[in-house]
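Because the structure is a prediction, the values reported are computed rather than measured. Residue numbering restarts at 1 for every chain, and letters A, B, ... go by the order of the sequence lines.
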2 protein chains.
Amino acid sequence: MSLATDSADKPTLYKRIRADIEKRILTGEWPPGHRIPFEHELVARYGCSRMTVNKALSELAQADLIERRRRAGSFVRRPQHQSAVLKIADIRAEITALGRSYGYELIGRKLRAATTADRARLGIKKAGKVIAIACRHSADNVPFAVEDRLIDLSSVPSAATADFSREPPGSWLLHHVPWTEAEHTISAIVADDRTAEALDIAVGAPCLVIDRYTWRSARTITAVRLLYPGDSHRLVARFKGG
Amino acid sequence: MSLATDSADKPTLYKRIRADIEKRILTGEWPPGHRIPFEHELVARYGCSRMTVNKALSELAQADLIERRRRAGSFVRRPQHQSAVLKIADIRAEITALGRSYGYELIGRKLRAATTADRARLGIKKAGKVIAIACRHSADNVPFAVEDRLIDLSSVPSAATADFSREPPGSWLLHHVPWTEAEHTISAIVADDRTAEALDIAVGAPCLVIDRYTWRSARTITAVRLLYPGDSHRLVARFKGG
DNA sequence: TTGACTTATATGTCTAGACATATAATCGTA
DNA sequence: TACGATTATATGTCTAGACATATAAGTCAA
């Protein structure tokens, strides 16, 4: 019967098995906790070898759609409902993607031995040098975001000689520091005098704040705080599956 | 030589192959664009069958760490650098996870025929009924967030008779509407009179706003706006891989 | 009833093959 | 030189087995 899902095209068998099961889960026909057929039952139903259904089920398990338990069987997982994929693009890319002209302005750049505050912010223990950068991004000549960044020079020595007056440090790092891990913290503040002036908004206007810590195999690279006018900027996150 | 990574424990072979390759990519030894060894080379190196290395490589491909091209080989992918996984937990779960006591209060509940504004907000075309809910969540008796929600009753008929005076609509939906897709928009506003009173903060204080639209196979289920005191609430997103 | 032991079983991993298929590379031709 | 046909090859999928392993369920004794 399941074989009768015939049509002219043919996705591979294991993909069809996976899609069949996924569909039943997504439509609610097999609710969370439901035991899906054993591998040997699916083998019989689809008339294929066990490795084929195993591949389908393994992928579903990897996608957290089902949970597999030895001796017990495979079960539809309860939806997680808590993770969304948030795209935090490079600001320049984000602005040009909107079809607006990107502007960048370096406000300040200071190379110094890491202060206690710097070390706390970067989460490093040893002494060393850092670069502190302040800059502003604009879209169509309207302030878009102000950036306050710290780079650990012991992790990224070449940043000491990089020319941040032309290239935003975010873009520069993106091209010079290959693999990273990061943590973003999003919050809201009201603009103080300095922020209001930099963003050309009223004092007391809402701002969206993104604090980002980037590291590479347990080594902190950079800490950055981005301030956006809260009423004009929006972060969009999408998620799928529960 | 790769076999010489011996230790007492033994993760399965394909996992070790996967980990070996992943490590070389993450340390930058194999930079983006680098061609990783052919399957038959890995077969020779690890002394196993092709299916075993294939499984390792397939999982790496599924995780977007490598790209596989027929006839050409497998290549390290360029880091994406733009998506972070943002955990947006059920508020009750979030608060209890912090070890604080959760409080819930229904402010208003209205069942009505969908107005034009309702339909616009839910993105539905046909006439139908909706429920509008206003409620407040608190942690240790301090206001934590206020919620303003709309549920499409044609998608979730049973919501009409649900008792939202005890259970938050978010939790209720979580348990009654299995699989969904959602979009979150995050922004910042300053508290107006009504919000300030509901959150027990000053008028003009910053608030983090999450607008969430949830649907299930192209069918809108609910639209919700959550307002958090911006200085006390933070959203954390983590990402890995560039 | 409870705890310890045994057994049955579903999944986890792996093999040594096979044929299919997309495509980079080569070769031949206009 | 440029383009079209051919070939070689790496991946994609699949099989029909195998043994390993965790564990639910049953068994038996204290």
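- Remark: the Arg71(A) side chain and the dA8(C) base include a donor-acceptor N/O pair separated by less than 3.5 Å.
- With hydrogens and angles ignored, a donor-acceptor pair closer than 3.5 Å exists between the side chain of Arg70(A) and the base of dT21(D).
- Rounded to a whole Å, the CD atom of Glu59(B) is 16 Å from the C1' atom of dG12(D).
- The separation between Arg18(A) atom CZ and dG12(D) atom P is 14 Å, rounded to whole Å.
- With 3.5 Å as the limit, one finds no donor-acceptor pair spanning the side chains of Ser74(B) and Arg69(B).
- At the phosphate of dT13(D), OP1 or OP2 sits under 4.0 Å from a side-chain N or O atom of Lys15(A).
- We find that CZ of Phe38(A) is positioned 17 Å from P of dA8(C), with the value rounded to whole Å.
- Contacts of Ser74(A) with the nucleic acid, taken as non-hydrogen atoms under 4.0 Å apart, involve only primed sugar atoms and P, OP1 or OP2.
- If you take CD of Glu67(B) and C1' of dA22(C), they are 14 Å apart, rounded to a whole angstrom.
- A donor and an acceptor atom, one from each side chain of Tyr102(A) and Asp140(A), are nowhere located under 3.5 Å apart.
- Remark: Ser49(A) is not in phosphate contact with dG17(D), judged by side-chain N or O atoms under 4.0 Å from OP1 or OP2.
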Please list each protein N or O that sits under 3.5 Å from an N or O in nucleotides 26-28 of chain D, with the distance.
none

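- Checking the phosphate oxygens (OP1, OP2) of dT13(C), a side-chain nitrogen or oxygen of Lys55(B) falls inside 4.0 Å.
- Open room surrounds CG on Asn141(B); 12 or fewer heavy atoms of other groups in view lie less than 6.0 Å from it.
- Place Arg69(A) and Cys48(A) on DNA chain D by their nearest nucleotides, and Cys48(A) ends up nearer the 5' end.
- Rounded to whole angstrom, the span from the CG atom of Leu42(B) across to the C1' atom of dA10(D) amounts to 12 Å.
- Atom P of nucleotide dA16(C) and atom CG of Asn54(B) are separated by 16 Å, given to the nearest angstrom.
- In summary, Glu39(A) and Arg68(A) engage in a salt bridge, as defined by a charged side-chain N under 4.0 Å from a carboxylate O.
- In this structure, the side chains of Leu208(B) and Leu208(A) come closer than 4.5 Å at one or more pairs of heavy atoms.
- A cation-pi geometry, defined here as NZ or CZ lying under 6.0 Å from the six-membered ring centre and within 45° of its normal, holds between Arg35(B) and Phe38(B).
- A donor-acceptor distance shorter than 3.5 angstrom exists from the side chain of Thr96(A) to the backbone of Arg92(A), with no hydrogens or angles considered.
- Put simply, Thr52(A) has a side-chain N or O that comes within less than 4.0 Å of OP1 or OP2 on dT15(D).
- With hydrogens and angles ignored, a donor-acceptor pair under 3.5 angstrom links the side chain of Arg50(A) to the base of dG12(C).
- You won't find any donor-acceptor pair under 3.5 Å spanning the side chain of Arg68(B) and the base of dT11(D), going by distance alone.
- Atom CZ in Arg35(A) sits roughly 14 Å away from atom P in dA24(D) (whole-Å rounding).
- Thr220(B) places none of its side-chain heavy atoms less than 4.5 Å from the side chain of Tyr213(B).
- In this structure, His40(B) atom NE2 and dA10(D) atom P are separated by 4 Å, rounded to whole Å.
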